[in-house]
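I have placed the structure first, in the form of structure tokens, so that the comments after it can refer back to it.
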Amino acid sequence: MNDVLIVGGGIGGLTLGLELSRRGIGCRVFESAPDIKAVGVGVNLLPHAMRAYAELGLQPALERVAVETAEAAFYNRFGQLIYREPLGRRAGYEWPQLSIHRGDLQMILLEAFNPRVGADRLHLDAHCVGAEQDERGVLLNFKDGHTARGAVVIACDGIHSVIRRKLYPAEGPPRYSGINMWRGVTRWKPVLSGATMVRAGWLKTGKLVHYPIRNNIDAQGRQLVNWLWEIETPDYKAWDWNREARVEDFIADVEKWQFSWLDVPAFFRAADVVLEYPMVDKDPLPAWTFGRVTLLGDAAHPMYPRGSNGAGQAIIDARTLAECLAKDKADFRKALKAYETERLAPTSNVVLENRRNPPDAILREVYERTGDRPFDRIDSVIGPEELKALSDRYKKVAGYDKPALKRA
């Protein structure tokens, strides 16, 4: 068989299937879950990711269910505005920035995958346990004993990737940042512009991220709002993306957060869903590709969720890999190496930048310079040019500054 075998039917795996189908390359996707459900919380699609989805014809469907994010706003924990900037098309990009429920995105990808690639090309309840390769191709092995043969294997199976663990058996568990996170969704009336991504506070005493992901969800005109609460925590439980939690686990740190536009404790207490997990990543790898096997998305470069960029990098991986395979259909192994050459260094830079200076570094600078106290005027603490430079630096490293998108 000459199919590309994709391990994992999440955002990266389904996007890769669509990108391959667009270029006439056959594929099969193997997902360990028994079905694909509309679950999860929010995800941001930045302009570089939306360019890829626009090319796939998915932008209209995404815009129907998402919130087009208009601006980013940074506040201290006293509710004082530090910096505001436009996002997406309002910032002059050709493509919007969308905030969307992860489940909505997954369903749109699935609804496109079935007619374009083929519903029979998505295999559910298929738990991969390893891959073998020889000169003729690759063989995937599954927990139930069955196998699948193809030309190459692309591991899109996340931070706990089985394939990555086979390639790097001594790597060990994810690296803990020292920051614990609670994440959830709340039905709430629109605040600020109704399309603002808010970051407030700092990790020493607690940081809030707040942005809407669905509009007009009820007769009251409320939105479904995605939120994160992040705070430095020396200890953590074993990593689990889906551990259910309670607002009471962290609300004591938030009780005094009263902004003119948001009662933060009341907002948290109204949550429909609360999940807890430590902020983790892994060190960049020296190589992803070994013969007929390579890695993509979180299997290749898991990163801290601090730049609204994890899903976007997987989407760009998928677009780049499909382009490389289309250019070199005679030798897929060469194509996999070309993909690694193009994507390994840039994504490694994003992983490291997310540790050092993500967009919320703006909050860190103000926290440190004010000693965590209110300010009289923000320009007496930090100037607008320095604030803009901090934001623009991250866009450039992550590959979605306007000049980079115009060149690509």
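Ion pairing between a basic and an acidic side chain is recognised when a charged N comes within 4.0 Å of a carboxylate O; Lys395 and Glu353 show no such pairing.
Side-chain atoms of Arg364 and Asn357 include a donor-acceptor pair closer than 3.5 Å. Residues Gln258 and Asp263 have side chains that bring a donor and an acceptor to within less than 3.5 angstrom of each other. Counting only N and O atoms by type, the side chains of Arg199 and Tyr83 include no donor and acceptor under 3.5 Å apart. A donor-acceptor pair shorter than 3.5 Å can be found between the side chains of Asn226 and Tyr211. Counted by atom type alone, Gln97 and Arg90 present zero donor-acceptor pairs between their side chains at under 3.5 Å.
With sequence neighbours left out, Asn349 forms a side-chain contact (heavy atoms from CB on, under 4.5 Å) with Val397.
Remark: the backbone N or O of Ile382 is not paired with any side-chain donor or acceptor of Asp379 at under 3.5 angstrom. A donor-acceptor contact shorter than 3.5 Å is absent between the side chain of Thr69 and the backbone of Glu71. No donor-acceptor distance shorter than 3.5 angstrom exists from the side chain of Arg116 to the backbone of Gly17, with no hydrogens or angles considered. Thr196 contributes no side-chain N or O that, together with a main-chain N or O of Val198, makes up a donor-acceptor pair within less than 3.5 Å.
Counting only heavy atoms from C-beta outward, the side chains of His101 and Val65 never approach each other to under 4.5 Å. Side-chain contact check for Phe375 versus Asn76: some heavy-atom pair is nearer than 4.5 Å.
The two residues Lys329 and Arg23 come nearest to each other via the heavy atoms NZ-O, 3.5 Å. Scanning all heavy atoms of the two residues, the minimum distance from Tyr176 to Val280 falls at CA-CG1, 4.0 Å. Ala52 and Ile315 make their closest contact through CB-CG2, 3.8 Å (heavy atoms, listed as atom of the first residue, atom of the second, distance).
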Mind running ring-ring contact (aromatic ring centres under 6.0 Å, His included) on Trp288 and Tyr339 for me, showing each step along the way? CA-CA 10 Å; Trp288 299 342; Tyr339 152 73; 5.5 Å; yes

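The CD atom of Glu385 sits 12.0 Å away from atom CG of Leu390, with the distance rounded to the nearest 0.5 Å. The distance from atom OG1 of Thr289 to atom CG of Leu295, rounded to the nearest 0.5 Å, is 7.0 Å.
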